[in-house]
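These notes concern the structure reproduced below.
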There are 2 protein chains.
Amino acid sequence: MRSPKPLIASFHLSEPGAPEPPIHRAASLAEEVYEAIFARLMALKIAPGSRITVDNLVRELAVSQTPIREALGRLEGEGLVVKTHLVGYSAAPQITRRRFEELYELRLLLEPEAAHRAAQVMTEAALAELTEAAGVMHRSGGADERGRYSRFARQDAVFHDKIVAVAGNELIRETLAHQHTHFHIFRLMFHARVTEEALDEHEAILAAFAARDADAARRVMRTHIERSYARLLPAFDS
Amino acid sequence: MRSPKPLIASFHLSEPGAPEPPIHRAASLAEEVYEAIFARLMALKIAPGSRITVDNLVRELAVSQTPIREALGRLEGEGLVVKTHLVGYSAAPQITRRRFEELYELRLLLEPEAAHRAAQVMTEAALAELTEAAGVMHRSGGADERGRYSRFARQDAVFHDKIVAVAGNELIRETLAHQHTHFHIFRLMFHARVTEEALDEHEAILAAFAARDADAARRVMRTHIERSYARLLPAFDS
DNA sequence: CTACAATAAATCGTATAGGATATCGTATTG
DNA sequence: CAATACGATATCCTATACGATTTATTGTAG
């Protein structure tokens, strides 16, 4: 990474002759740094467990240490990086098998109920959005393998998120979304090319919503998560 | 608060004549600052929604700005403080009624199942610990009202936490513990003196565990949470 | 007496410098 | 040849100074 392109070209010059409204830069530098590091984590540009030196970030992002430390602290609070005293920051380690099982146990407790509730309050507009999010349209978009999986990962995330959003409990939604960031990194390590089956199951969920069948929605969501678990479990046999 | 007692008396003197092993200070300053602010939040010394100026913390804790910013960032990542650009940090606002309902919905989905599972794997030692945590012994310790409630709040927290710990899912445990910090602040705002009923319900849960009756444990835990919800809900009618 | 504007204070955001510690490489000795 | 000790480098941790922005206060005009 030899691209020292600064986030903001020149920060401290505010010429009175140039009345540029600084409205477009409402976010603080620390926030931009946060997003930059978050993106690198999600794209696996920073491997799980590897060190994160603030000095490198200073050079790469062209900002001083303070906002970087602040952003790193926030990421630590969210569990994405860990800090060892007098050693430094590092990306959170890869998810363990035990943690993986716990995550699916949690999902199994929350998401089927969310689907049940969502089916009861599903509107026509929400259903259309959900169908759009499921991406059943451009299913056979013949891109390369990696690109296809990348798109599926994004679709899968928003699909499940939207269901929980329709169900209405924002707290549960945040909880699952937060866990999903960890899960995403794990899943990216293996190019699990099991998208076809998952897409079928997504359609089954949609069908239950379309029929406003709450019990079926809960049941098929449970099956979907259980199968997802089974599909991903072999990844630990490496 | 005019007590500028420093966290660490003198940080930068390491006399070669005094071979004090610096092992006891394994935690970084930022971590100590984190705990200090966390404690103030929990004790309501910083009211929800009120401003938190780093300058005050610099004076009160006798440390520089950098570790304070780092700790504040971490607290932000955990949702306990919020940051507004060019305005500063402030304690997270009081929980809304909607959020309160969502929290109990989440607890209702997780804790009864945890109790069900816990009853199946309950050991004699764990049951003893749980009974100790429930504090049925010194129930009528005739302290003042506030002191009694403070003790109940702590007991209630560890009681529920231990049950989930026995159940074995560490992720669910962390999720609930995290939410409990928010909940604790809310509950502290009202000196809900409904401890007697809750203690009765705790004993009912214990009885189910003692009988290793998993279905009863789930049922009575559900009842406990539902009643807790009903007890606290009037707080929003202020 | 109220509303608006300008000034002053407070606070955040940023940058830079220096001290302390862990890690890694190298040399020396058993 | 292996193991240990020493030293250099890299990095974190802390402290301080300065600039930019927001907010509060005060004075003046209507």
Side-chain angles (χ1 to χ4, degrees), chain A residues 4 6-16 18-34 36-37 46 50-76 81-91, chain B residues 4 6-16 18-34 36-37 46 50-76 81-91:
Chain A
L7 266 70
I8 285 122
S10 55
F11 186 75
H12 270 299
L13 53 87
S14 54
E15 293 288 328
E20 281 186 338
I23 302 167
H24 66 290
R25 199 179 46 73
S28 67
L29 262 198
E31 201 152 334
E32 297 198 34
V33 171
Y34 170 85
I37 303 176
I46 302 176
S50 65
R51 296 273 298 267
I52 301 178
T53 68
V54 331
D55 215 37
N56 284 353
L57 290 174
V58 164
R59 278 190 291 275
E60 290 185 29
L61 303 179
V63 294
S64 75
Q65 294 188 3
T66 314
I68 291 177
R69 288 188 175 283
E70 201 168 326
L72 245 25
R74 185 167 152 197
L75 287 163
E76 186 196 9
V81 308
V82 294
K83 172 185 165 187
T84 319
H85 181 54
L86 290 179
V87 171
Y89 289 94
S90 56
Chain B
L7 266 69
I8 285 125
S10 53
F11 187 74
H12 272 299
L13 54 87
S14 54
E15 293 288 327
E20 281 186 337
I23 302 167
H24 66 291
R25 200 180 45 72
S28 67
L29 262 197
E31 201 153 334
E32 297 199 33
V33 171
Y34 169 86
I37 303 175
I46 302 175
S50 65
R51 296 274 298 270
I52 300 178
T53 68
V54 330
D55 215 37
N56 284 353
L57 290 174
V58 165
R59 278 190 293 275
E60 291 185 29
L61 303 179
V63 293
S64 75
Q65 293 187 5
T66 313
I68 291 177
R69 288 186 177 283
E70 199 168 325
L72 245 25
R74 184 166 152 198
L75 286 164
E76 186 197 8
V81 308
V82 293
K83 172 184 164 187
T84 320
H85 182 53
L86 290 179
V87 171
Y89 288 95
S90 56

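Scope of the values below: all heavy atoms of this structure, side chains included, with no hydrogens, waters or symmetry mates. Proteins come first, then strands; the chains are lettered A, B, ... in the order of their sequence lines, and each starts at number 1.
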Practice prompt. Take atom CD of A:E32 and atom C1' of C:dT14, then tell me their distance rounded to the nearest Å.
Written response: 14 Å

Worksheet item: Sequence neighbours excluded, which residues qualify as side-chain contact (heavy atoms from CB on, under 4.5 Å) partners of B:T66?
Response: A:R69, B:S64

Fill in: Residue-phosphate contact under 4.0 Å: A:S64 side-chain N/O, C:dT14 OP1/OP2
no

Practice prompt. Measure the spacing between CD1 of B:I37 and CG of B:L72 and express it to the nearest 0.5 Å.
Written response: 5.0 Å

Item to complete: Quick one: list whatever passes side-chain contact (heavy atoms from CB on, under 4.5 Å) with A:V82, sequence neighbours left out.
Response: A:S90

Worksheet entry | Results of side-chain hydrogen bond (donor to acceptor under 3.5 Å, both in side chains) for B:T53 - residues two or more places apart only | B:N56

Worksheet item: Of all residues at least two apart in sequence or in a different chain, which pass the side-chain contact (heavy atoms from CB on, under 4.5 Å) check with B:S50?
Response: B:I46, B:A47

Pull out every protein N or O sitting under 3.5 Å from an N or O of nucleotides 10-12 of chain C, one pair per line with the distance.
unit_1 : atom_1 : unit_2 : atom_2 : d
C:dC12 : OP1    : B:V54  : N      : 3.3

